[in-house]
Colleague: 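Handing you this structure, nothing more for now.
Just follow the structure's listing: the first ligand is 1, and inside any ligand the first atom is 1. In what follows, residues are counted from 1 in the order of the sequence shown.
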Amino acid sequence: MTLDKSSTEGSAEGRADCVILHYNEIGLKGKNRPHFIRLLARRIEMAALPHRPGRLTRLSGRFLLDVKPETDWKGLRDALGRVFGLAYFARARKFPLDLGAVAEGVLEMIAPMEISSFAVRTRREHKGIPASSKEWDPAIGARIQARRHLPVNLTAPGTTIHIEALKNQAVAYAEKIPGPGGLPIGASGRVAAMLSGGIDSPVAARRMMKRGCEVVFVHFHGAPYLSRVSAEKAGDLAEILDGYQLGSRLYLIPFGALQKDIVLTAPVADRVVLYRRFMVRITERIAALESALAIVTGESLAQVASQTLSNMAAVEEAATIPILRPLVGMDKEEIIAEAKALGSFEISIEPDQDCCSLFVPKHPATKSKPVHLRRAEAAMPADEMIDRALAESEVLEITAGKRPVTRAFLEVHPIEVKEGV
Ligand code: ATP
Ligand code: MG
């Protein structure tokens, strides 16, 4: 049988008994470790469930997920590729913990594979297991060489045959699939991410998820003065990001009326910064309702006029919880590359009407003075404006595999704002 080398080198398609999953242990010392491992187990189960897997077993330093005949491997592979906390995983075969049985099993496993050169690497779950790399690697390697006449290459093998000697069994695989790294979602608590329809904010949200944050999304749209296209884009972006956390809320805030109130009283040059200060205050209210401890934005230093250090400081002053800007030191090209990898780029570049462009001058201030901003705000019924915007908001509830459901803000948070304000 001739097989296409590019598609088969290092791949162990065919029968597979389980998936072995590894996490990075860096930073996992001490009392956080059991919590981290529990969260990761939950995240693996949530991701795997729709793909009909078998049982998940927690082992020392790794997980073993059983695979059944009805398991949808492709779907499972994609879903596991979005579980933060996983360093890598592999589709593997199980064998009795016996050198001869493993060698025979490995030979059968690699039978359909075209291999240019190989190396065997054995690891033990823990030191007490009688299957050391020193003994097993050369012994199994020699058998493969004898039967398949393949060259061994220990420095740059075409295929590495990984064997993991576990307590009661061994597993073997030839293809490691990289995980997304990071920490399991939930390990770092919750944040409220301001999600525009643009390129940057979805990338910022994903970065926070990667650091273990569960993210609640907040989008401001220009209704009733602008179209709702940006809100639809935000919904699509939130659905992409939900692929990582499986269960999300997107708050959709109509911002046009509030912007009009600002326009009626504030100096033209300060409008954009004032919009942002109100966005931050509203996001902070939502953060409190959602037990989120920080706000996240997609700002990158000096990318546009509104993102100078002094304007960041002027906006930040309106917040009482931290504003995190995971993209602050990144170039646009770097952000675009991440947006493409996330799959959000194509949606973000669709044209829309951003509410920040509503009623703004061509050249907004790059240095807004806090004292001016505070004076402008003192002339407005700020709390009422915020209550009204929240009362008219909607909450998009996203559940993986289902159509998102839109609910009124007051239905989700009945006591938060007085009806009719
Ligand atoms: P993005 O690509 O994320 O839209 P941007 O380069 O367009 O960012 P700005 O318009 O200055 O930059 O927005 C900076 C950040 O403020 C955004 O990344 C986002 O976090 C937040 N933001 C701006 N507009 C909105 C909006 N309409 N709804 C929610 N958040 C917003
Ligand atoms: Mg934008």
Colleague: Numbering the atoms of ligand 1 from 1, which are under 4.0 Å from a heavy atom of Val218?
Modeller: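 Ligand 1 atoms under the 4.0 Å threshold to Val218: 29 (C).
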Colleague: Side chains of Arg276 and Asn311: does their closest heavy-atom pair fall under 4.5 Å?
Modeller: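 In short, these two side chains do not touch, never coming nearer than 4.5 Å.
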Colleague: Considering the heavy atoms of Thr297, write down every atom of ligand 1 situated less than 4.0 Å from one of them.
Modeller: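 Result: 20 (O).
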Colleague: For ligand 1, note which part of Cys356 has a heavy atom under 4.0 Å away: side chain, backbone, both or neither.
Modeller: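 The side chain, only.
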Colleague: What atoms of ligand 1 come within less than 4.0 Å of a heavy atom belonging to Gly198?
Modeller: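 Once the distances to Gly198 are compared, the set is 1 (P), 2 (O), 4 (O).
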Colleague: Could you go through the salt bridge (Lys or Arg N to Asp or Glu O under 4.0 Å) check for Lys402 and Glu397 one step at a time?
Modeller: CA-CA 10 Å; Lys402 294 197 183 140; Glu397 309 227 318; over 6 Å; no
Colleague: Considering heavy atoms of the protein only, find what lies nearest to atom 7 (O) of ligand 1 and give residue, atom and distance to 0.1 Å.
Modeller: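 Answer, as residue, atom name and distance: Asp200 OD2, 4.7 Å.
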Colleague: Kindly indicate whether a cation-pi arrangement holds for Lys210 with Phe84, taking the cut-offs as under 6.0 Å to the six-membered ring centre and within 45° of the axis.
Modeller: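 Not satisfied by the 6.0 Å and 45° rule.
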Colleague: Is it true that Glu338 and Arg206 make a salt bridge, defined as a side-chain N closer than 4.0 Å to a carboxylate O?
Modeller: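 Salt bridge flag = no for Arg206 with Glu338.
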Colleague: Would you please classify the geometry between the Phe409 ring and the His413 ring as parallel, tilted or perpendicular, with 30° and 60° separating the classes?
Modeller: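 Aromatic pair His413/Phe409 classed tilted.
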Colleague: Do ligand 1 and Phe220 have nitrogen or oxygen atoms that lie under 3.5 Å from each other?
Modeller: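 Right, the criterion is met.
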Colleague: Only one of Arg121, Arg124, His22, Gln169 forms a side chain to side chain donor-acceptor pair (under 3.5 Å) with Glu164, so which one is it?
Modeller: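 One option only clears the test, and that one is His22.
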Colleague: In the protein, what heavy atom is nearest to atom 1 (P) of ligand 1, and what distance, to one decimal place, separates them?
Modeller: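 Result for atom 1 (P) of ligand 1: Ser196 OG, 3.2 Å.
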Colleague: Please identify which atoms of ligand 1 are closer than 4.0 Å to at least one heavy atom of Ile199.
Modeller: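 It comes down to these atoms of ligand 1: 2 (O).
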Colleague: Would you check whether Ser201 has a nitrogen or oxygen atom less than 3.5 angstrom from a nitrogen or oxygen atom of ligand 1?
Modeller: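 Yes, at least one N or O pair falls under 3.5 Å.
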Colleague: Between Arg281 and Phe278, is NZ or CZ placed under 6.0 angstrom from the six-membered ring centre and within 45° of the ring axis?
Modeller: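 Because its charged atom sits under 6.0 Å from the ring centre and within 45° of the axis, Arg281 does stack over Phe278.
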Colleague: Give a yes or no on whether the ring-centroid distance for Phe220 and Tyr275 is below 6.0 angstrom.
Modeller: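 Ring-ring flag for Phe220/Tyr275: false, centres at least 6.0 Å apart.
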Colleague: Using heavy-atom distances, let me know which of Gly298, Pro202, Gly222 sits nearest atom 18 (O) of ligand 1.
Modeller: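 Residue with the shortest heavy-atom distance to the ligand atom: Gly298.
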Colleague: Using heavy-atom distances only, which candidate in Ile253, Leu252, Val315, Leu195 approaches atom 29 (C) of ligand 1 most closely?
Modeller: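 Residue with the shortest heavy-atom distance to the ligand atom: Leu195.
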Colleague: Looking at Lys260, I want to see if its NZ is surrounded by more than 12 non-hydrogen atoms of other residues, nucleotides or ligands under 6.0 Å.
Modeller: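 Counting other residues, nucleotides and ligands, NZ of Lys260 stays at 12 neighbours or fewer.
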Colleague: Which protein non-hydrogen atom lies closest to atom 14 (C) of ligand 1, naming both residue and atom, and how far is it?
Modeller: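 Result for atom 14 (C) of ligand 1: Gln307 NE2, 3.4 Å.
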Colleague: What residue and heavy atom of the protein are closest to atom 19 (C) of ligand 1, and at what distance?
Modeller: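 Protein heavy atom with the smallest distance to atom 19 (C) of ligand 1: Met194 O, 3.4 Å.
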Colleague: Heavy-atom contact under 4.0 Å between Arg276 and ligand 1?
Modeller: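 Per 4.0 Å heavy-atom rule, Arg276 contacts ligand 1.
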